[in-house]
Amino acid sequence: MGVRTVAVYSDVDAQAKHVLACDEAVHIGGNAPKDSYLRADRIIAAAKDRAAQAVHPGYGFLSENEEFAQACADAGLVFIGPPPSAIKAMGLKSQSKILMGRAGVPLVPGYHGADQDPALLKSEARKIGFPVLIKASAGGGGKGMRIVTRAEDFDAALASCQREARNSFGDDAVLIERYVTRPRHIEIQVFGDTHGNCIHLFERDCSVQRRHQKVLEEAPAPGLSDSRRREMGAAAVAAAKAVGYVGAGTVEFIAEPAPGPQAGPGGTGQAGDLRFFFMEMNTRLQVEHPVTEAITGLDLVEWQLRIACGEPLPLRQEQLRLHGHAIEARICAENPDANFLPATGTLAVYRTPDCAEFERAALRIDSGVREGDSISPHYDPMIAKLIVWGEDRAQALARLDAALAGTHIVGLHNNVAFLRRIAASGAFASADLDTALIERERASLFNAAPLLLEVAAAGVIAHALAREQAAEGDDPWSRRDAWRLHGAAVRRFDLEAEGVRSSFMLERNHSGAQWLQHGAERWPFASAIRGAARHDVSLGPRRWPLTVYACGETCAVYAPDAQALLTEIDPIAHAADGAVEGGRLTAPMPGKVVAFLAAPGDAVKLGQPLAVMEAMKMEHTITAPRDGTVQALLYAAGDQVMEGEELLRLELAP
C-alpha cells in the first residue's frame with residue numbers, strides 16, 4: 001500500500017534522521033517533551049494541516065495515552081493502536097491487575113488499592129513480606145520502581161518512586177508487590193483486529209536488565225517448554241480479549257522456577273519449568289519487536305497498518321511458526337561503570353558492521369541517528385537497536401558478538417563493550433537468566449581491563465604514521481619519516497590513558513626497521529595499512545589487527561577483544577595545565593537538581609548521599625567522595641545544570 005509520511009519534530013530534532021526520512025515534516029515546539037512530543041494538540045493540528053488520515057504513535061511519549069487516542073478519533077484521524085478504552089484499562093497497573101484477576105490471569109501477591117496513604121502502603125508491604133517491589137501504577141520503562149529489602153528503607157524508596165512517577169507520568173500512585181527473588185521477564189506479543197480475532201506471536205525473554213530497563217532481549221525464551229509457551233500465550237490472549245484489544249500489544253509476565261507440578265493457573269507443568277504471573281500490558285508496539293519479526297518472518301508494522309485499515313489479521317494462530325533464534329542489544333549513550341549514568345555529546349564516530357557481511361536477514365540495525373549527530377539530555381539515550389538471527393541460540397550469540405565487535409562509537413560513553421561482556425558471560429551463554437543477572441555477574445562485567453597500554457599506543461602511533469604517509473608527495477623533501485643522514489631518528493609520543501601520562505619513543509634506523517620503547521621495555525615495531533582507520537600492528541612477536549579513530553587529541557583504539565581511549569598530548573599546548581582543585585563535587589551528567597540532602601556546615605561521611613539529580617526522567621543520587629564538611633551549595637532544587645558543573649563544595653577531612 002502506498003503511504004505518504006509526515007514527521008513531527010522539536011527544535012533539537014530539526015535535522016534528525018526521522019525528519020529527513022519522511023515525505024514532509026512539521027515543527028511542533030521546544031526541546032522538552034512537554035513542549036513538543038507530549039503536545040497532543042500540536043500533533044493533531046499537524047496531521048490535519050497535512051491532510052493525514054492516521055497517526056502512528058511510535059514507541060513512547062503519547063503511544064499509551066488514552067486521551068490522545070480519543071483526541072485522534074474526535075479529529076477524524078485513525079489512531080494506529082488499540083481503542084482508548086483498552087489503553088485506559090491497562091494503563092493503570094493497579095486497575096489492570098484487578099481486571100486480569102477477574103479474567104483468570106495469574107497475579108503476583110500484592111496491594112493494588114487506591115488508598116495511597118504512606119502508612120497504609122508500608123503496612124501492606126509488611127503484610128506481603130520483604131523484599132517488596134514498589135512500582136508506579138501509571139509507569140513503564142523502569143521509572144518509578146524500587147526494590148525494598150528492609151522496612152526501614154521503605155519510606156525513602158516510596159518518596160523517590162513517587163517523585164519519579166510524578167515527573168514521568170503525572171501520577172504518583174504506586175502499587176506494592178512481593179518481589180520475586182529470581183524473576184525472569186517474559187512477554188508475549190499479541191495482535192487483535194476489529195473483527196474479534198486475537199492471537200499471540202510467541203514470547204520474548206527480556207530478563208537482562210539494569211535499573212529495571214531492558215538491555216538484551218531474545219526470542220524464543222530459552223528453556224521454555226512447548227506446553228508452558230502455549231499456556232502463557234493463551235493467558236496473554238485472554239488478557240487482550242478482556243479489554244477488547246485491537247492492534248499490537250505486549251502482555252508482560254514475571255516468571256520463576258516451579259519446584260514441581262503446581263496447582264492453578266500459571267503453575268501447572270513439570271519440575272524445572274516456569275510458573276508465571278501477570279505484570280502489566282504495554283498497549284503499543286515495543287522497541288524489541290524486531291526479534292519477534294526475525295523468528296516469525298513477519299512485518300509487525302505492516303500488520304498494524306492493515307488492522308488500522310479495518311482488515312482482519314493476516315494469519316490464524318495455527319498458521320504461525322517459530323524459526324531460529326534472535327537477540328536484540330540496546331546500544332545506549334551511558335556509562336555502565338558509573339551506575340549507567342546517561343551520557344550526552346556528539347557521535348564523532350559512529351560505525352556499524354556492514355549487514356552485507358552477514359548472511360541474509362542475520363543482522364539488522366535500527367537507528368535514529370547518524371555520525372555527527374548529538375545525543376541530547378532531553379530524550380531517551382538509546383543510539384540503536386542491533387538485532388541478530390541464527391538457526392539456533394549458539395549461532396545467534398556468535399553473530400551478536402561479531403556485530404558488536406564491529407560497532408565503534410567515539411565521542412561519548414556507550415555500552416557496546418559492556419553488551420559484549422554480557423553476551424560472553426557464563427550465565428547468559430548458558431541461559432541462566434533472571435533480572436539480577438547483571439548484578440550476579442558484576443565481577444566480570446564492570447571495570448574491565450582495557451587494551452594493553454603498549455598495544456593501544458602502538459595503534460595510535462601506527463595511525464599517526466599512516467596519516468603522515470598519506471600527506472607525502474613525489475617530492476622526496478615531502479617525506480615525513482624523520483630520515484636522518486647520520487644515526488637513527490627518534491620521535492616522542494606523549495599519551496594519556498585513564499588519567500595517567502606516559503611517554504613512548506619510536507626509533508627508526510636507515511634500513512627502515514623500527515623499535516618502540518616505553519620505560520625499560522623495548523619492542524620491534526611495524527605497521528601496515530589494512531584500510532580506512534584499520535592497521536596491522538606488530539609489536540615484538542605478536543600482531544594485532546587494530547582500528548583507530550582520531551578525533552582531535554582523542555584516539556580510540558579497537559582490537560578484536562578489547563579497546564582503549566587515549567589522548568595524544570601536545571606538551572607545549574598543555575604546559576600550563578594544573579592540578580584539579582579538591583573538594584569540588586560536580587554533576588556527573590546534565591540534568592535537574594531534585595534536592596540537596598545536606599546543608600552548609602554539615603559534617604558528612606564517605607558515601608553519604610548529598611544530592612539527587614534527575615536526567616532523562618531517572619533519579620541519580622550523588623554521594624560524598626570522602627569525609628568532610630559542606631562549605632556551600634551552589635545551586636537550588638529545580639535548577640538545570642550541565643555535566644561537570646560544580647554542585648557543592650566540600651572541605652575535605654585531613
Answer yes when [X] and [Y] have at least one side-chain N-carboxylate O distance shorter than 4.0 Å, and no when they do not.
| X | Y | value |
| --- | --- | --- |
| Asp434 | Arg440 | yes |
| Glu334 | Arg210 | yes |
| Glu164 | Lys143 | no |
| Glu468 | Arg491 | yes |
| Glu217 | Arg330 | yes |
| Arg501 | Asp494 | no |
| Lys127 | Glu177 | no |

When rounded to the nearest 0.5 angstrom, what distance separates [atom1] in [X] from [atom2] in [Y]?
| X | Y | atom1 | atom2 | value |
| --- | --- | --- | --- | --- |
| Cys161 | Phe154 | SG | CZ | 8.5 Å |
| Arg492 | Ser503 | CZ | OG | 3.5 Å |
| Met613 | Asp639 | CE | CG | 10.5 Å |

Donor-acceptor contact below 3.5 Å, side chain Asn65 vs main chain Phe68: yes
Leu606 backbone acceptor or donor facing Asp627 side chain under 3.5 Å: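 Pair found, side chain donor or acceptor close to backbone of Leu606.
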Lys/Arg cation over aromatic Phe418: Arg421, 6.0 Å, 45° cone: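 Pair Arg421/Phe418 does not count as cation-pi.
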Working for side chain to side chain contact (heavy atoms under 4.5 Å, CB included), residues Ile569 and Leu495: CA-CA 6 Å; Ile569 302 295; Leu495 306 174; over 6 Å; no
Geometric class of the His408/Tyr558 ring pair [parallel <30°, tilted 30-60°, perpendicular >60°]: parallel
His518 and Phe504 aromatic ring geometry - parallel, tilted or perpendicular at 30°/60° bounds: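 It falls in the parallel class, under 30°.
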4.5 Å side-chain heavy-atom contact, Leu386 and Leu400: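 Yes - at least one pair of side-chain heavy atoms lies under 4.5 Å apart.
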Full working for side chain to side chain contact (heavy atoms under 4.5 Å, CB included) between Val557 and Leu451: CA-CA 8 Å; Val557 183; Leu451 184 63; 3.8 Å; yes
Tyr635 ring center near Phe596 ring center (under 6.0 Å):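 Centroid separation for Tyr635 and Phe596: 6.0 Å or greater.
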So for atom [atom1], which belongs to [X], do other residues, nucleotides or ligands contribute more than 12 heavy atoms lying within a distance under 6.0 Å?
| X | atom1 | value |
| --- | --- | --- |
| Arg534 | CZ | no |
| Lys17 | NZ | yes |
| His413 | NE2 | no |

Asp11 and Asp35: CA distance, side-chain angles, deciding distance, side chain to side chain contact (heavy atoms under 4.5 Å, CB included) verdict: CA-CA 10 Å; Asp11 291 344; Asp35 298 327; over 6 Å; no
Exercise: do Arg42 and Ser36 side chains pair donor with acceptor under 3.5 Å: no
